[in-house]
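Below is one structure, written out as structure tokens, with a few remarks after it.
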Amino acid sequence: MPNSPAKRGHRSMAVVLVALALFLAVLILRRMVMSEEPMSWNPDSMRAKMVETQLIYRGIKDERVLSAMRTIPRHRFVPQRIEHRAYEDNALPIGEEQTISQPYIVAYMTEALKLSGGEKVLEVGTGSGYEAAVLAEMGCEVYTIEIIPELTQTARRQLDEAGYGQVHTRTGDGYFGWPEEAPFDAIIITAAPQKVPVALLDQLKPGGRMIVPVGPEYGVQNLLRLTKTQEGRVATDTLIPVVFVPMTGEIEGKK
Ligand code: SAH
């Protein structure tokens, strides 16, 4: 017997409802899995947890470094759409194919510079500006150079907004350092050259430290600490394996 129009109506209504329910379920699942914005997030508690679990637990001891990283709103130094991922245990994209370094690596490199506050420090590779903010928060006088103009601009804005207007920024090739402001107590290079940029050692004070990841492009590099002795000799410590974006510009032509 053929279905009555009423029955047919009920059945198509049921089909529509089931389809709607499925559609909603897919939307909710998608939001849970691929969420750009979590339902709620608390940057202060995430930052405190980052310092405990990623830094202290792995052996970072320098109270100045820990306190700076507890204070600085790292989420203000990443693109807004990935703000909620700022406290993850990894590097993150900041545009122009560059990255903000993993929190542990920032802490490790900064600790390795053995700073007590008040030093004049040169950074090569401003990127997001976060490392520069850490150094400034520790009381250092910071000069930072970035080769990509768009990144210098964004970092400048982020540093100003986060209250680190005193950091000196410049667009240029860090290979040449910042001769007008040399010599520095410490130099931190946050992009990886294939060999040590020895020219920069001239801009380091006797007793000064330079931290640099040296190694192949898009491979594993070694983090080196070069210490200039009072007599001007250089002692090298090999610290840990790391992965950084390559240092570009003048150094690429140097074999
Ligand atoms: N310190 C950064 C991490 C930067 S990633 C932070 O805290 O976010 C490395 C940066 O070095 C990139 O932005 C890249 O553009 C820059 N860079 C690469 N070669 C450079 C060079 N020769 N001089 C200055 N900056 C350079």
Side-chain angles (χ1 to χ4, degrees), residues 50 54-55 65 68-69 71-79 82-83 85-88 90-113 121-138 140 142-159 161-162 164 167-179 181 184 186-200 203 210-218 221 223 242-254:
M50 169 193 89
Q54 299 177 35
L55 310 186
V65 175
M69 292 183 67
T71 308
I72 299 168
R74 182 173 158 92
H75 59 284
R76 303 272 289 272
F77 290 87
V78 302
I82 55 165
E83 227 184 16
R85 297 184 53 199
Y87 299 99
E88 285 180 5
N90 43 257
L92 287 171
I94 55 169
E96 313 293 332
E97 297 179 12
Q98 306 303 324
T99 54
I100 179 173
S101 307
Q102 180 188 4
Y104 175 69
I105 295 298
V106 171
Y108 186 95
M109 289 175 90
T110 314
E111 182 172 74
L113 286 174
V121 183
L122 173 69
E123 180 192 24
V124 173
T126 314
S128 66
Y130 179 70
E131 173 73 63
V134 172
L135 294 164
E137 180 64 37
M138 290 170 69
C140 298
V142 186
Y143 293 81
T144 181
I145 310 179
E146 168 57 53
I147 205 164
I148 301 177
E150 290 76 8
L151 291 180
T152 315
Q153 271 172 29
T154 313
R156 178 72 267 162
R157 200 182 56 241
Q158 282 160 343
L159 284 164
E161 284 175 10
Y164 300 101
V167 169
H168 305 271
T169 54
R170 160 188 279 191
T171 297
D173 187 340
Y175 178 81
F176 301 105
W178 199 312
E181 291 296 338
F184 298 94
I187 300 180
I188 175 167
I189 304 184
T190 65
Q194 299 193 24
K195 52 181 279 199
V196 176
V198 280
L200 281 177
Q203 297 188 19
M210 176 162 116
I211 297 285
V212 55
V214 178
E217 223 173 277
Y218 302 110
Q221 303 115 15
L223 192 62
V242 286
V243 179
F244 273 85
V245 294
M247 183 167 171
T248 57
E250 184 74 12
I251 190 87
E252 291 177 293
K254 307 278 169 195

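Counting convention: from 1, in listed order, for ligands and their atoms alike. Everything quoted here is computed from the prediction, not taken from an experiment.
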> Looking at atom 9 (C) of ligand 1, what's its closest protein heavy atom, distance included?
Replying inline: Thr190 O, 3.3 Å
> Does the pair Tyr108 and Val242 meet the rule for a side chain to side chain contact (heavy atoms under 4.5 Å, CB included), with working shown?
Replying inline: CA-CA 11 Å; Tyr108 186 95; Val242 286; over 6 Å; no
>> Please check: side-chain N/O of Glu252 versus main-chain N/O of Pro246, any donor-acceptor pairing under 3.5 Å?
In response: no
> Which of the numbered atoms in ligand 1 are below 4.0 angstrom from a heavy atom of Gly127?
Replying inline: 4 (C), 13 (O)
> Going by the atom numbers of ligand 1, which of them fall below 4.0 Å from some non-hydrogen atom of Gly172?
Replying inline: 23 (N), 24 (C)
>> With heavy-atom distances below 4.0 Å as the criterion, list the atoms of ligand 1 near Val245.
In response: 5 (S), 9 (C)
> Would a distance-only check, ignoring hydrogens and angles, find a side-chain to backbone donor-acceptor pair under 3.5 Å from Gln203 to Trp178?
Replying inline: yes
> Where the side chain of Asp173 meets the backbone of Glu250, is there a donor-acceptor pair that is under 3.5 Å apart?
Replying inline: yes
> Counting each atom of ligand 1 from 1 as listed, which ones have a heavy atom of Leu151 under 4.0 Å away?
Replying inline: 13 (O)
> Arg76 side chain to Glu161 main-chain N or O, any donor-acceptor pair under 3.5 Å?
Replying inline: yes
> Any side-chain heavy atom of Ile251 within less than 4.5 Å of one from Gln194?
Replying inline: no
> With no hydrogens and no angle check, is any side-chain donor or acceptor of Tyr87 less than 3.5 Å from a backbone partner on Arg74?
Replying inline: yes
>> Which of the numbered atoms in ligand 1 are under 4.0 angstrom from any heavy atom belonging to Ile145?
In response: 24 (C), 25 (N)
> Short list, please: which atoms of ligand 1 are under 4.0 Å from a heavy atom of Ser128?
Replying inline: 6 (C), 7 (O), 8 (O)
>> Please check this pair: side chain of Thr144 against backbone of Gly125, looking for a donor-acceptor N/O pair closer than 3.5 Å.
In response: no
> Quick one: does Ala191 get within less than 4.0 Å of ligand 1, heavy atoms only?
Replying inline: yes
>> Yes or no: does Glu250 have any heavy atom under 4.0 Å from an atom of ligand 1?
In response: no
>> Give the atom numbers and elements of ligand 1 that come within less than 4.0 Å of a heavy atom of Ser101.
In response: 3 (C)
>> Looking at ligand 1, is there an atom of it that comes within less than 4.0 Å of some heavy atom belonging to Ala155?
In response: no
> Among Glu123, Glu131, Glu146, Met109, which residue places a heavy atom closest to atom 15 (O) of ligand 1?
Replying inline: Glu146
> Just heavy atoms, cut-off under 4.0 Å: does Pro246 contact ligand 1 by side chain, backbone, both, or neither?
Replying inline: backbone
> Between the candidates Gly174, Gly125, Gly177, which shows the shortest non-hydrogen contact distance to atom 21 (C) of ligand 1?
Replying inline: Gly174
> For atom 3 (C) of ligand 1, what's the nearest protein heavy atom and its distance?
Replying inline: Thr99 O, 3.5 Å
>> Would Ile147 count as a polar contact of ligand 1, with the cut-off being nitrogen or oxygen pairs under 3.5 Å?
In response: yes
> If you measure from CD on Glu146 to CZ on Arg156, what distance do you get to the nearest 0.5 Å?
Replying inline: 13.5 Å
> Who's the nearest protein heavy-atom neighbour of atom 19 (N) of ligand 1, and how far?
Replying inline: Thr248 N, 3.0 Å
>> Nearest non-hydrogen contact with atom 2 (C) of ligand 1 belongs to which option: Asp173, Thr126, Thr152, Ile100?
In response: Thr126
>> Ring-plane angle category for Tyr130 and Phe77, please: parallel below 30°, perpendicular beyond 60°, tilted otherwise.
In response: perpendicular
>> For the OG1 atom of Thr126 and the CD atom of Gln153, what is their distance to the nearest 0.5 Å?
In response: 12.5 Å
> Which ligand 1 atoms does Ile148 reach within 4.0 Å, using its non-hydrogen atoms?
Replying inline: 15 (O)
>> When you compare the side chain of Leu122 with that of Ile145, does any pair of heavy atoms fall below 4.5 Å?
In response: yes
> Which one holds for Gln98 and ligand 1: side chain close, backbone close, both close, or neither close, with close meaning a heavy atom under 4.0 Å?
Replying inline: side chain
